[in-house]
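Because the structure is predicted, anything quoted here is derived from the model rather than measured.
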Amino acid sequence: MSKIFNGKWITAHPFISSKNKIQNFYMKVKKSFFINEIPNAFIKITADDYYKLYINGEYVGQGPAPGYDFAYNYNQYDITDFLKIGENLIEAVVYYQGLTNRVWVSGDNKQGLLADVYFDYDFAFGTDENWVYCVDKTFISSETVGYDTAFLENRDLRIKDSAYKSCAVINTDYTFCDEPFPALQVYSVKAEPTVTENRYFYDFKQEYACCLKIRATSKNAGSKIIIHCGEELDEKNNVRFNLRCNCKYEENCILNQGENIIEQFDYKALRYVEILAENGVTIDDFEILVRHYPFPESTFELNTDDEILQQVFTLCKNTIKYGTQEVFVDCPTREKGQYIGDVFISGFAHFLLTKDNKPLKKAIENIAQSIKYSGEILAVSPCSYKQKIADYSLLFPLMLWRYYQYTKDTEFLKNMRSTCTFINNYFSKFANTDGLLNKVDEQWNLVDWPDNCRDDYDFDLSEPIQDGCHNVINAFYICSIEAEEQIKSELNIPFTPKASKLKENFNNTFLNKTTGLYTDSEKSAHSSIHANMLPLAFNICPDEYKDRIADYLISRGMQCGTYMSYFYLKALCKAGRKKEAYKAIISTEENSWYNMIREGATTCFEAWGKDKKWNTSLFHPWSCAPIIILFEDLK
């Protein structure tokens with residue numbers, strides 16, 4: 001990484017003088033400049049936590065993608081067409097959230113903006129003490145939604161901004177990525193309202209990740225509107241704003257007299273909106289500003305006569321399109337964070353659809369960077385929330401190896417290889433004399449989620465986890481060891497093979513040769529589908545048992561969660577049962593993608609149905625396994 005910016009980091013004075021914890025802080029920054037002719041111009045820009053950029057009143061872009069301060073992201077925009085001869089105005093809204101969550105590396109009182117403007121490829125000016133700022137005080141809410149994921153945007157538009165003053169200039173220790181990361185696509189979508197008395201109802205027919213923009217006229221200052229957003233309707237056909245996923249999307253806005261423009265800053269996931277207006281208030285215009293990572297129109301389309309397959313593919317494709325933000329989000333409601341396990345599905349699905357490797361490469365880097373940030377491999381990154389999930393950590397080497405198989409990026413493979421060694425060395429401390437993992441009690445042993453989708457997996461996973469070896473964590477461990485060995489072999493790095501012996505010991509421990517099935521643990525006679533799908537998917541199972549286990553998986557069906565369905569389908573394909581994998585994708589059973597469609601889905605659910613999990617997200621990209629299987633196995 002090298003020096004990227006010539007400008008200075010500017011911040012609001014409260015972040016210098018205050019020792020108090022600052023949250024939900026909106027800073028408006030501006031700078032005017034004059035030009036006699038219009039040059040070819042571009043701007044490099046970043047902020048902590050997030051900015052939205054405008055030039056001469058026109059929206060330019062927003063960002064940056066979340067990142068650790070030692071590998072911080074920035075954006076670059078061509079701004080030539082935004083300029084005019086004479087006076088020009090750059091404005092940015094900089095938001096500092098201040099929460100410890102899965103969204104940003106926030107809660108550290110590090111806030112500000114950094115930008116460089118170039119004319120005809122020469123540096124013209126950058127952020128410095130000549131830029132001025134004010135504080136937008138209309139955001140009055142202290143209530144959060146999700147897992148402290150976002151503040152509700154309750155507003156009082158009668159409150160005036162603070163007076164403008166010069167920005168403070170500070171020295172920072174940020175180190176920036178060598179290349180700008182692509183900015184989001186943002187565009188307007190409208191729906192015709194159904195108006196009943198003072199209720200304005202909108203159905204956008206599709207669930208989106210988006211911000212709201214409302215233009216309302218009020219006869220009196222102090223009148224109010226209530227905004228309800230939701231993924232579904234309740235039994236009375238009102239918007240169910242208390243979402244299943246633990247987000248209550250009810251917000252109030254107190255209006256000023258006359259015209260009011262309410263443009264929300266943060267994004268939500270929604271299909272429906274209703275606006276309840278007090279007497280004397282009219283909603284003159286409403287739109288949602290849909291946002292997602294750039295998704296080319298020329299992306300892959302499925303050519304099939306199978307109507308159900310087409311519906312399932314479209315469901316998954318739209319989930320990946322609208323659900324991929326600057327990171328591969330777990331869901332765009334409750335967490336908004338990038339989990340390793342989710343990337344393993346949504347990251348590769350996105351790559352296969354778009355052939356754009358940048359977000360997947362960044363996600364793999366973010367996972368590796370979490371070690372530098374925390375000293376441990378984190379399940380979700382880059383953010384300030386520290387969570388560890390053993391199953392996810394052990395997926396990293398396979399994820400890296402699969403990425404290399406598609407891209408043949410040898411240099412990246414070399415750079416990331418040490419992370420594989422770090423992970424496997426960490427888990428090896430839990431190994432018993434046979435090399436199998438016993439009592440991995442420092443990280444969550446997931447197996448599947450929600451826990452009612454574990455097919456009665458017979459091992460106590462509660463914390464602290466019980467003593468003993470269980471199947472799933474060891475299957476992932478063997479996969480991790482073997483992937484690292486494949487990487488070392490590809491890079492001509494000497495190593496002592498371990499995977500083959502681990503497979504032998506795994507089979508001796510968990511394979512019941514009487515039933516021909518794998519058991520859940522060394523102490524159990526129970527055989528869940530989880531204990532049997534992974535040995536097939538990870539090439540652990542001896543050839544003579546593959547048909548028996550495949551028959552068992554087919555007879556049981558997908559008695560697993562939507563995330564683990566990938567490994568179920570992959571296991572069938574590895575066993576030569578591609579026809580049965582296809583049938584599972586187009587199944588109309590209760591545990592199927594078609595069941596989501598039957599329940600009204602326009603994006604994949606977190607579970608097979610709305611009532612299958614106590615806090616089900618109705619927009620969850622980890623459920624998009626069919627895309628990968630169709631590309632890799634069912635061409």
Has Asp161 got a side-chain atom pairing as donor or acceptor with Cys134's backbone, closer than 3.5 angstrom? no

Answer yes or no: does atom NZ of Lys137 have more than 12 heavy-atom neighbours from other residues, nucleotides or ligands under 6.0 Å? no

Can you tell me how far NE2 of His292 sits from CD of Glu326, rounded to the nearest 0.5 angstrom? 12.0 Å

Against the six-membered ring of Tyr174, is Lys110 placed for a cation-pi contact (under 6.0 Å from the centre, within 45° of the normal)? yes

Could you tell me whether the side chain of Arg334 and the main chain of Asn615 form a donor-acceptor pair under 3.5 Å? yes

Ring-plane angle category for Phe344 and Phe348, please: parallel below 30°, perpendicular beyond 60°, tilted otherwise. perpendicular

About how many Å separate CG of Leu243 and CG of Leu618, when rounded to the nearest 0.5 Å? 7.0 Å

Regarding Gln111 and Thr11, is there a side-chain donor-to-acceptor distance under 3.5 Å anywhere? yes

Please check if the side chain of Ser166 supplies one atom and the backbone of Val132 the other of a donor-acceptor pair under 3.5 Å. no

Taking the basic N atoms (NZ, or NE/NH1/NH2) and the acidic carboxylate oxygens, is any pair closer than 4.0 Å for Arg244 and Glu231? no

Answer yes or no for Lys358 and Tyr293: cation-pi contact, defined as NZ/CZ to six-membered ring centre under 6.0 Å and angle to ring axis within 45°. no

Heavy atoms only: give me the nearest Thr80-Pro39 pair and the separation to one decimal. CG2-O, 3.3 Å

Are a donor atom and an acceptor atom from the side chains of Asn88 and Lys84 found within less than 3.5 Å of each other? no

When rounded to the nearest 0.5 angstrom, what is the spacing between CD1 in Ile159 and CD1 in Ile254? 7.5 Å

Before giving the answer on salt bridge (Lys or Arg N to Asp or Glu O under 4.0 Å), spell out for Arg215 and Glu259 the whole-Å C-alpha distance, their side-chain angles and the decisive distance to 0.1 Å. CA-CA 7 Å; Arg215 182 164 59 87; Glu259 184 179 75; 3.5 Å; yes

Start with the C-alpha distance between Thr299 and Lys317, add both sets of side-chain angles, then the distance that settles side-chain contact (heavy atoms from CB on, under 4.5 Å), and finish with yes or no. CA-CA 10 Å; Thr299 189; Lys317 178 182 174 181; 3.3 Å; yes

Classify the side-chain pair Asp342/Ser346 by whether it contains a donor and acceptor separated by less than 3.5 Å. no

Okay, side chain of Trp104, backbone of Ser384: is any donor-acceptor separation there less than 3.5 Å? no

Can you tell if the side chain of Tyr26 reaches within under 4.5 Å of the side chain of Thr138, non-hydrogen atoms only? no

Output yes when a side-chain donor or acceptor of Glu91 lies under 3.5 Å from a complementary backbone atom of Lys30, and no otherwise. no

Taking atom types as modelled, is there a side-chain donor on Glu143 or Asn154 under 3.5 Å from an acceptor on the other? no

Please report the closest heavy-atom contact between Ala363 and Phe328, naming both atoms and the distance. CB-CD1, 4.0 Å

With side-chain contact (heavy atoms from CB on, under 4.5 Å) as the criterion, how do Cys210 and Tyr322 come out once you've worked through the C-alpha distance, each side chain's angles and the decisive distance to 0.1 Å? CA-CA 9 Å; Cys210 59; Tyr322 300 120; over 6 Å; no

Please answer whether the main-chain N or O of His13 pairs with a side-chain N or O of Tyr133 as donor and acceptor at a distance below 3.5 Å. yes

Take atom CG in Asn36; do more than 12 heavy atoms of anything else shown fall under 6.0 Å from it? no

Run the side-chain contact (heavy atoms from CB on, under 4.5 Å) test against Ala601 and tell me which residues pass, sequence neighbours left out. Leu315, Met596, Phe605

Do Tyr96 and Phe15 have ring centres separated by under 6.0 Å? yes

Which pair of heavy atoms, one from Ala269 and one from Tyr249, lies closest together, and at what distance? O-CE1, 3.6 Å

side-chain contact (heavy atoms from CB on, under 4.5 Å) for Leu255 and Ile262? Distances and angles first, verdict last. CA-CA 9 Å; Leu255 305 178; Ile262 307 145; 3.8 Å; yes

Strictly by modelled atom types, are Asp49 and Ser106 linked by a side-chain donor-acceptor pair under 3.5 Å? yes

Does a side-chain N-to-carboxylate-O contact under 4.0 Å join Glu335 and Arg102? no

Compute both the distance and the angle, then confirm whether Lys44 meets the cation-pi test with Phe123: under 6.0 Å from the six-membered ring centre, within 45 degrees of the axis. no

Scan side-chain atoms only and decide if Tyr95 and Asn24 contain a donor-acceptor pair under the 3.5 Å cut-off. yes

Candidate list Lys224, Arg155, Lys268, test salt bridge (Lys or Arg N to Asp or Glu O under 4.0 Å), partner Glu251, passing option: Lys268

Could you check whether any side-chain N or O of Asn56 sits under 3.5 Å from a backbone N or O of Leu89, counting only pairs where one atom can act as donor and the other as acceptor? yes

Check whether the side chains of Asn6 and Tyr118 place a donor and an acceptor atom closer than 3.5 Å, and report yes or no. yes

Check: Ser218 side chain, Asn220 main-chain N or O, donor-acceptor pair, under 3.5 Å: yes

What residues form a side-chain contact (heavy atoms from CB on, under 4.5 Å) with Phe241, not counting sequence neighbours? His228, Lys248, Glu250

Is a side-chain donor-acceptor pair under 3.5 Å present for His620 with Ser617? yes

Test side-chain contact (heavy atoms from CB on, under 4.5 Å) on Leu152 and Val145 and set out the steps. CA-CA 7 Å; Leu152 289 177; Val145 294; 3.4 Å; yes

Side-chain touch Thr144/Thr149, heavy atoms, less than 4.5 angstrom: no

Tyr208 side chain vs Leu289 backbone, donor-acceptor pair below 3.5 Å: no

Is the number of heavy atoms from other residues, nucleotides or ligands within 6.0 Å of CD (Gln185) greater than 12? yes

Does a donor on one side chain sit under 3.5 Å from an acceptor on the other, for Asn75 and Tyr51? yes

Is it possible for you to check whether Lys361 lies under 6.0 Å from the centre of the six-membered ring of Phe412, through NZ or CZ, and within 45° of that ring's axis? yes

Quick one: pull up CZ in Phe619 and CG in Asn318 and give me the separation to the nearest 0.5 Å. 8.5 Å

Considering all heavy atoms, the nearest Val329-Gly323 contact: CG2-O, 2.9 Å

Between Lys52 and Phe265, is there a donor-acceptor pair closer than 3.5 Å when you use the side chain of the first and the backbone of the second? yes

Taking atom types as modelled and ignoring hydrogens, do the side chains of Gln97 and Tyr50 form a donor-acceptor contact shorter than 3.5 angstrom? no

Distance alone, cut at 3.5 Å: any donor-acceptor contact between the side chains of Ser188 and Glu287? yes

Using the ring centroid of each side chain, check whether Phe125 and Phe33 are separated by less than 6.0 Å. yes

Nearest-0.5 Å distance, CD1 of residue Ile10 to CG of residue Asp128: 7.5 Å

Is it the case that Glu263 and Tyr59 place a side-chain donor and acceptor less than 3.5 Å from each other? no

On a heavy-atom basis, which atom in Pro296 and which in Thr354 lie closest, and how many Å separate them? CD-CG2, 4.0 Å

